[in-house]
Amino acid sequence: MDQMIDIIELIKIFVLSVVQGITEWLPISSTGHMIILEDLIPLNLSSEFVEVFLVLVQLGSIFAVILLYFNKLNPFSPKKTSVERKDTWILWFKVAFASIPVAIFGFALKDYMDEYFYNPIVVAIALIVYGVIFIWIERTGESKHAATVTDFNSLSFATAFKIGIFQALSIIPGTSRSGSTIIGGLLVGTSRHIATEFSFFLSIPAMFGASLVKLLDLGFSFTTVEWIYLLFGMFIAFIVSVFAIKFLLNYLKRNDFTGFGKYRIVLGAIIILYSLFQF
C-alpha cells in the first residue's frame, strides 16, 4: 500500500457517506448538509480525491435504487408479460426524455453554478425557498386535487419532460435534486408516490452521467488507500440509501412533504447563522 489507512479519516468517510445516503433521497439537500460537515470534519486527503469522492459516493446510493426497483425497471424480466416488458421500455424512454434538460443545462452551467453560486448564503436561500414551496403546495391542496397522474402508464412524455426541467433546476446548489424533481412532479399533477419514484428513476442517468464527467475530468489515479476509502464510502451510502428510500415511501403513506419543508427552512436559517458567526 502507498500509505496506511487512517482510522480517523475512515470515520469521517463513514459520517459523510451516511449523511449522503440519507440526503440523496430525502428532499432536504445534501449540499446544505455537506457545507456544515465539510467545515466540521474536513477530509485530510488530496483536494482532487475529495472532489471525486463527493460525486462518486452517490453511485452507492444509485445502486440502492437499482436493487430495490430491479424488477420494476428490468425490461428483460421473464416474470413479465410482453405488455409489461413494453411498459417498462416506455418508462425508460420517459426517464431518458426527462433527463435531456439536466444533461443540457448541467453540462453547460454546472461549473458556472459551482463557481458563483456554491456558497452558504445561496444554498441557504435555496433551502428556504424550496421549503416554503413544499409547504405552500401541501397547504393549498394543489398536490391533492391536481393529482391526475397516479401511475406511470398515465405519465405522458410531455409531463415527464416538465418534471425533467425541474430536475435541471437542481444545478443551483441547495435546491436538492430530489426536492426539485418532486416539486416539479407535484406541480404538474402527479401523486406524491409517482413524483417520488420518478425522482428515484431520474437519479440513475443523472448520477451516472455526473460521475462519468467527474472521472473524465480528474481521472482514476487514486492510491490504493484512496480506493479503499471510496469503495467503503459507496458501500455505506448504498446500505443507508436502502433504508432511506424505504423510510420515505412508508412516510409518505401517512404524511405529506410539509415536515421536509419546515426542516429545509430551519436548516437554511442555521446555515445563514453558521456562515455569519462561524460558531
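Atom set for the values below is all heavy atoms of this structure, side chains included, hydrogens, waters and symmetry mates excluded. FYI, the numbering just counts along the sequence from 1.
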Chemist: Considering all heavy atoms of both residues, which atom of L248 and which atom of T196 are nearest to each other, and what is their separation?
Modeler: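 The pair with the smallest heavy-atom distance is CD2-CG2, 3.6 Å.
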Chemist: Using 30° and 60° as the class boundaries, would you call the ring planes of Y69 and F200 parallel, tilted or perpendicular?
Modeler: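 Rings of Y69 and F200: tilted, 30 to 60°.
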Chemist: Can you measure from CD1 (I13) to CD1 (I7) and round to the nearest 0.5 angstrom?
Modeler: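 If we round to the nearest 0.5 Å, I13:CD1 and I7:CD1 are 12.0 Å apart.
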Chemist: Is the gap between the ring centers of F63 and F238 under 6.0 Å?
Modeler: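 Aromatic pair excluded; centres sit 6.0 Å or further apart.
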Chemist: Between I171 and Y130, is there shared hydrophobic-cluster membership here, with clusters defined by ILVMFWY side-chain heavy atoms closer than 4.5 Å?
Modeler: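 In one cluster: no.
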Chemist: L43 and side chain to side chain contact (heavy atoms under 4.5 Å, CB included): which single residue from V50, L54, D6 fits?
Modeler: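 For L43, the side chain to side chain contact (heavy atoms under 4.5 Å, CB included) check succeeds only for V50.
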Chemist: Without swapping roles, check the side chain of K80 against the backbone of N71 for a donor-acceptor pair under 3.5 Å.
Modeler: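 Checking the backbone N and O of N71 against the side chain of K80, a donor-acceptor pair under 3.5 Å is found.
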Chemist: Where the side chain of Q167 meets the backbone of P101, is there a donor-acceptor pair that is under 3.5 Å apart?
Modeler: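 A pair under 3.5 Å: no.
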Chemist: Is there a side-chain contact between V57 and L16 in this structure, where contact means two heavy atoms from C-beta onward sitting under 4.5 Å apart?
Modeler: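 Not touching, per the 4.5 Å side-chain cut-off.
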Chemist: Nearest heavy-atom pair of Y229 and F53: which atoms, and what distance?
Modeler: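 Residues Y229 and F53, closest heavy atoms: O-CE1, 4.2 Å.
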Chemist: Check whether the ring centres of F257 and F134 lie less than 6.0 Å apart, and answer yes or no.
Modeler: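 Here the rings of F134 and F257 have centres that are less than 6.0 Å from each other.
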Chemist: Flag the pair E38 and K12 as a salt bridge only when some basic side-chain nitrogen lies within less than 4.0 angstrom of an acidic carboxylate oxygen.
Modeler: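 K12 and E38: not salt-bridged.
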Chemist: Calculate, to the nearest 0.5 Å, the distance between atoms CE and CZ belonging to M113 and F105 respectively.
Modeler: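 Going from CE on M113 over to CZ on F105, the span is 10.0 Å.
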Chemist: Step by step, work out the side chain to side chain contact (heavy atoms under 4.5 Å, CB included) result for I62 and I66.
Modeler: CA-CA 6 Å; I62 299 307; I66 295 174; 4.3 Å; yes
Chemist: Is there a donor-acceptor contact under 3.5 Å linking the side chains of S176 and S29?
Modeler: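 Side-chain D/A pair, S176 to S29: absent.
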Chemist: Is a side-chain donor or acceptor of N255 paired with a backbone partner of Y251 at a separation under 3.5 angstrom?
Modeler: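 Such a contact is found between N255 side chain and Y251 backbone.
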Chemist: Keeping the roles fixed (side chain from S154, backbone from D151), state whether a donor-acceptor pair exists under 3.5 Å.
Modeler: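 Yes; judged by distance alone, with no hydrogens or angles, the pair exists.
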Chemist: Taking all atoms of both residues into account, what is the closest heavy-atom pair of I28 and L127, and its distance?
Modeler: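 In this case the closest contact between I28 and L127 is O-CD2, 3.5 Å.
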Chemist: Looking at every heavy atom in both T23 and H33, which two are closest together, and how far apart are they?
Modeler: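 For T23 versus H33, the nearest heavy atoms are CG2-ND1, 3.6 Å.
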Chemist: Between E226 and T223, is there a donor-acceptor pair closer than 3.5 Å when you use the side chain of the first and the backbone of the second?
Modeler: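 Between the backbone of T223 and the side chain of E226 there is a qualifying donor-acceptor contact (under 3.5 Å).
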Chemist: With clusters defined by side-chain heavy atoms of hydrophobic residues (ILVMFWY) lying less than 4.5 Å apart, directly or transitively, does V132 cluster with V122?
Modeler: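 Unlinked, V122 and V132 end up in two clusters.
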Chemist: What pair of heavy atoms forms the shortest contact from A160 to F198, and how long is it?
Modeler: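 The answer is CB-CZ, 3.8 Å.
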Chemist: If I take atom OG1 from residue T159 and atom CD1 from residue I194, how far apart are they, to the nearest 0.5 angstrom?
Modeler: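 Rounded to the nearest 0.5 Å, the OG1-CD1 separation comes out at 12.0 Å.
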Chemist: Under a single-linkage rule joining Ile, Leu, Val, Met, Phe, Trp and Tyr whose side-chain heavy atoms are separated by less than 4.5 Å, which residues share a cluster with I8?
Modeler: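 None; I8 is a cluster of one.
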Chemist: Is there a side-chain contact between F201 and W92, using heavy atoms and a 4.5 Å cut-off?
Modeler: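 Counting from C-beta outward, F201 and W92 never come under 4.5 Å.
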Chemist: Ignoring hydrogens and angles, state whether a donor on the side chain of S178 or T181 is under 3.5 Å from an acceptor on the partner side chain.
Modeler: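 The criterion, which ignores hydrogens and geometry beyond distance, is not satisfied for T181 and S178.
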Chemist: Could you tell me the separation between the NZ atom of K94 and the CG atom of L202, rounded to the nearest 0.5 Å?
Modeler: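 CG of L202 is found 12.0 Å from NZ of K94.
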Chemist: Short question: side chain of R85, backbone of F76 - any donor-acceptor pair under 3.5 Å?
Modeler: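 Not confirmed, R85 side chain does not pair with F76 backbone.
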Chemist: If you group Ile, Leu, Val, Met, Phe, Trp and Tyr by side-chain heavy-atom gaps below 4.5 Å, do I271 and I172 land in one group?
Modeler: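 Not linked; separate clusters.
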Chemist: Below 30° counts as parallel, above 60° as perpendicular, anything between as tilted: where do the rings of F222 and W227 land?
Modeler: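 Rings of F222 and W227: perpendicular, over 60°.
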Chemist: Sub-3.5 Å donor-acceptor pair from the side chain of R264 to the main-chain atoms of G259, do we have one?
Modeler: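 Side chain of R264 to backbone of G259: no pair is present.
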Chemist: E84 side chain to T81 main-chain N or O, any donor-acceptor pair under 3.5 Å?
Modeler: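 A pair under 3.5 Å: yes.
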Chemist: Distance-only, no hydrogens or angles: does the R177 side chain make a donor-acceptor pair with backbone N or O of S30 under 3.5 Å?
Modeler: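 Not at all, since once roles are kept as given, no pair shorter than 3.5 Å links the two residues.
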Chemist: Hey, what do you get for CD1 (I272) to CD1 (I128), rounding to the nearest 0.5 Å?
Modeler: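 Here the rounded value is 4.0 Å.
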Chemist: Could you walk me through whether I135 and I265 satisfy the side chain to side chain contact (heavy atoms under 4.5 Å, CB included) test, starting with their C-alpha distance in whole Å, then the side-chain angles of each, then the deciding distance to 0.1 Å, before giving a yes or no?
Modeler: CA-CA 10 Å; I135 294 172; I265 293 172; 3.8 Å; yes
Chemist: Evaluate side chain to side chain contact (heavy atoms under 4.5 Å, CB included) for I182 paired with R192, printing each intermediate quantity in order.
Modeler: CA-CA 8 Å; I182 291 170; R192 294 190 191 96; over 6 Å; no
Chemist: Would you say the side chain of V65 lies within less than 4.5 Å of the side chain of W25, judging by non-hydrogen atoms?
Modeler: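 They are in side-chain contact.
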Chemist: If I take atom OG from residue S46 and atom CD from residue E51, how far apart are they, to the nearest 0.5 angstrom?
Modeler: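 Interatomic distance, S46 OG to E51 CD, rounded to 0.5 Å: 10.0 Å.
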Chemist: For the residue pair F166 and S180, what are the closest heavy atoms and their distance?
Modeler: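 The answer is O-CB, 3.1 Å.
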Chemist: Do K72 and T88 have side-chain atoms, one donor and one acceptor, less than 3.5 Å apart?
Modeler: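 Absent: no donor and acceptor within the cut-off.
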Chemist: Output, in order, the C-alpha distance, side-chain angles, deciding distance and verdict of side chain to side chain contact (heavy atoms under 4.5 Å, CB included) for F152 and I90.
Modeler: CA-CA 9 Å; F152 287 110; I90 292 174; over 6 Å; no
Chemist: Please find out if less than 6.0 Å separates the ring center of Y112 from that of Y116.
Modeler: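 Between Y116 and Y112, which both carry aromatic rings, the centre distance is below 6.0 Å.
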